[in-house]
Enquirer: 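Got a structure here, written out as structure tokens. Questions coming.
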There are 2 protein chains.
Amino acid sequence: MEPTAPQRRVTIVDVARHARVSVTSVSKVLRNAYGASPEMQTKVRRAIEELGYRPHAGARGLRGQTYTIGVMLPDIRNPFFPEILDGVTDSLEETDYQVFLGPGCNGEKAEARVTEAMIDRGMDGLVLVAPVSSRAHLEHVAGAVPTVVVGRHGSSPAYDTVADDDTEGAALVVRHLVGLGHRRIAHIEHHETDPTRLAEMPNARRADGYRQAMRVHGLEEFIDVISTSYSQEGGHRAARELLGRPAPARPTAVFAGADIAAMGVLDAVAEAGLSVPGDLSVAGYDNTTFAAYGPISLTSVDQCGQEMGRNAVRLLLERIADRARPSTKVILSPRLVARRSTARFAE
Amino acid sequence: MEPTAPQRRVTIVDVARHARVSVTSVSKVLRNAYGASPEMQTKVRRAIEELGYRPHAGARGLRGQTYTIGVMLPDIRNPFFPEILDGVTDSLEETDYQVFLGPGCNGEKAEARVTEAMIDRGMDGLVLVAPVSSRAHLEHVAGAVPTVVVGRHGSSPAYDTVADDDTEGAALVVRHLVGLGHRRIAHIEHHETDPTRLAEMPNARRADGYRQAMRVHGLEEFIDVISTSYSQEGGHRAARELLGRPAPARPTAVFAGADIAAMGVLDAVAEAGLSVPGDLSVAGYDNTTFAAYGPISLTSVDQCGQEMGRNAVRLLLERIADRARPSTKVILSPRLVARRSTARFAE
């Protein structure tokens with residue numbers, strides 16, 4: 001079902017205009033602050049009544065909507081996340097919902113703090129981007145407030161899911177590199193030991209997709225996974241290990257599971273006095289603005305972050321309108337974007 | 001005065017533990033949702049009373065603090081802003097304050113929407129990063145809620161200010177380039193016509209600082225300002241114009257007022273088949289992680305975003321504790337970070 005667009009709410013600015021006083025004065029009256037004369041109080045209270053203004057969106061959380069959507073982001077430096085956020089904010093632009101970001105969630109503890117803060121402030125719905133928390137915690141959160149999980153697999157009756165087909169995305173990269181004549185293709189994965197995350201996180205799917213695709217192309221003996229992290233430092237460390245090997249064991253191509261790790265690879269290659277793609281082909285994942293940036297020109301996988309954000313908002317508004325509706329999982333198809341960082345390998 | 005750190009608040013998780021029920025159950029009782037048995041309601045309400053839990057931080061906005069700090073960011077893609085945000089979140093980590101970001105404020109209208117939403121939700125204090133709104137609007141906001149303005153000059157009795165000495169920062173770049181033998185040094189500025197912004201925005205100060213420094217070095221005749229925008233596209237457009245000129249009028253060095261614009265310059269130089277610094281020295285401003293990234297290695301000005309964020313929090317907590325205290329302006333000294341994108345020019 002299509003949710004009905006919420007009506008434009010009466011705001012503090014409308015009250016100020018109607019009462020012919022300043023926003024500051026309205027705010028003072030609302031806070032019972034020092035300095036609001038009895039006349040001012042009367043004027044403002046009358047305007048509030050006439051317009052049906054309900055002061056403080058937060059307060060309305062006790063009985064209704066706050067028109068607030070919380071978006072939890074793991075790392076605002078990862079240039080893929082702004083893409084998702086653009087999709088979210090664009091979709092909400094014509095509504096009365098306001099998006100607030102909970103930044104810097106780099107672990108379960110931080111995620112618990114942010115999600116609790118969002119619930120505590122009466123937010124109407126949450127979009128959790130690539131959360132690492134346990135399934136139980138996500139279901140806790142979704143039990144308290146409509147929730148969409150973006151960029152993580154698995155599904156739950158408690159929340160909706162939007163993800164990219166990461167297995168297929170990894171296969172696209174391997175096929176591309178094999179097509180260019182590469183056989184020694186290494187993969188840099190984000191290290192993971194937790195069993196739920198191994199089953200649900202995109203990083204684990206990408207590593208699996210890489211292994212499967214190598215087998216499909218008869219390259220099982222060349223499967224070579226370096227386990228560090230999806231960060232510039234993680235990519236740098238992995239590349240140093242790979243480049244430090246004697247020539248026959250050194251890969252001719254590296255598929256980093258995220259563009260941010262590929263950045264670290266490019267840096268390490270330059271430091272070693274080598275060139276991309278002359279000495280090493282490099283591909284990433286996420287098709288960030290960084291990958292598209294001319295002087296970098298990184299082959300990558302476009303998982304269409306904006307489309308993920310738009311889908312998340314659609315599902316969230318549906319669930320806010322009807323909390324009992326069955327949960328939905330949207331899987332988007334990725335697309336390979338070949339650029340200058342990958343080239344033909346001839347022995 | 002030093003503000004006292006707020007006591008740790010009783011949270012919904014504490015209530016659930018105390019009542020020996022799930023967080024979801026507590027949330028249901030708080031929302032008067034279907035499915036909370038009378039026994040459950042009694043258990044939860046007793047725990048709330050015993051712990052002194054005040055449900056919904058937002059609701060407390062009517063009578064007290066919500067322990068929420070709003071940070072308004074113009075553009076989460078500009079890699080300088082995460083630095084400020086890190087300083088803000090680090091400083092608040094040991095407190096009970098939660099930061100929420102209002103993203104995507106790319107003009108006065110969007111800024112009005114976000115600041116109003118923050119006031120409406122009873123946030124305790126706001127950090128406005130590089131706002132473009134009129135002084136009157138900023139004073140409106142600061143009248144309603146304690147506010148610190150970061151990355152914009154000018155001062156007001158209504159709010160505190162944290163900025164970098166942008167005039168000095170521009171002078172550092174010009175001195176560096178002159179020291180390398182350059183005389184034809186062009187500057188890319190962010191186009192501005194509004195008189196208040198011309199007086200208060202960092203971009204205008206940097207352009208002024210460039211002009212002043214060129215005069216100090218006896219290079220008035222070479223003053224050359226291209227007016228586009230602080231964006232990748234703006235830098236690209238400016239560089240194409242500069243590179244399209246016949247040789248004698250072409251600069252040997254470009255000082256872009258922001259790293260994000262310098263990114264566009266580097267892209268345009270590569271597209272033109274030229275090299276940095278061989279054909280053109282390029283410097284930026286902000287010392288972003290992008291500038292520090294090995295394969296880019298962009299000379300830039302470090303205005304210490306984290307220190308700006310930390311100062312903003314300190315001032316904000318002071319003002320939350322004492323709204324009547326006089327307003328304060330903190331100006332930080334920038335530092336030049338020379339890298340490989342600038343080199344000696346010999347005619």
Side-chain angles (χ1 to χ4, degrees), chain A residues 11-13 22-24 26-28 30-32 55-63 66-68 70-71 76-77 79 81-82 85-86 89 98-104 112-114 116-122 139-141 143-145 232 263 266-268 270-271 289-290 293-296, chain B residues 11-13 22-24 26-28 30-32 55-63 66-68 70-71 76-77 79 81-82 85-86 89 98-104 112-114 116-122 139-141 143-145 232 263 266-268 270-271 289-290 293-296:
Chain A
T11 68
I12 197 171
V13 175
S22 70
V23 172
T24 312
V26 176
S27 168
K28 271 187 189 164
L30 289 174
R31 284 183 292 110
N32 287 318
H56 288 296
R60 284 183 287 113
L62 291 171
R63 38 176 204 281
T66 60
Y67 291 101
T68 310
V71 176
I76 73 165
R77 279 198 177 75
F81 299 129
L85 190 65
D86 278 351
T89 50
Q98 174 64 41
V99 174
F100 286 117
L101 293 187
R113 178 179 163 148
V114 166
E116 205 211 311
M118 288 173 168
I119 294 168
D120 191 45
R121 281 153 187 82
E139 292 185 343
H140 255 340
V141 171
V145 57
Q232 207 176 303
M263 286 175 67
L266 298 182
D267 196 6
E271 277 178 14
T289 48
F290 174 84
Y293 177 58
I296 301 294
Chain B
T11 69
I12 197 171
V13 175
S22 70
V23 172
T24 313
V26 176
S27 169
K28 271 186 189 164
L30 289 174
R31 284 182 291 107
N32 286 318
H56 288 296
R60 285 183 287 113
L62 291 170
R63 40 179 203 283
T66 60
Y67 291 102
T68 310
V71 176
I76 72 164
R77 278 199 177 74
F81 298 129
L85 189 65
D86 278 351
T89 49
Q98 174 64 42
V99 173
F100 286 118
L101 294 187
R113 178 178 163 149
V114 166
E116 204 210 311
M118 288 174 168
I119 294 169
D120 190 45
R121 280 154 187 83
E139 292 184 342
H140 255 339
V141 171
V145 57
Q232 207 175 302
M263 287 176 67
L266 297 181
D267 197 7
E271 277 177 14
T289 48
F290 174 84
Y293 177 59
I296 301 294

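Chain letters run A, B, ... following the sequence lines, proteins first, then strands; residues in each count from 1. No experiment lies behind these values; they were computed from the predicted model shown.
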Enquirer: Heavy-atom pairs under 4.5 Å with chain A - which of D86(B), V141(B), T89(B) has more of them than the others?
Expert: D86(B)
Enquirer: side-chain hydrogen bond (donor to acceptor under 3.5 Å, both in side chains) with D267(A): which residues, sequence neighbours excluded?
Expert: none
Enquirer: Hey, could you give me the OG1/CE distance between T68(B) and M118(A), rounded to the nearest 0.5 Å?
Expert: 11.0 Å
Enquirer: side-chain hydrogen bond (donor to acceptor under 3.5 Å, both in side chains) with T289(A): which residues, sequence neighbours excluded?
Expert: none
Enquirer: Relative to chain B, which segment of F81(A) carries a heavy atom at a distance below 4.5 Å: side chain, backbone, both, or neither?
Expert: neither
Enquirer: Find the one option among E271(B), Q232(B), R113(B) whose heavy-atom pairs under 4.5 Å with chain A are most numerous.
Expert: R113(B)
Enquirer: Is a side-chain donor or acceptor of R121(A) paired with a backbone partner of T66(A) at a separation under 3.5 angstrom?
Expert: no
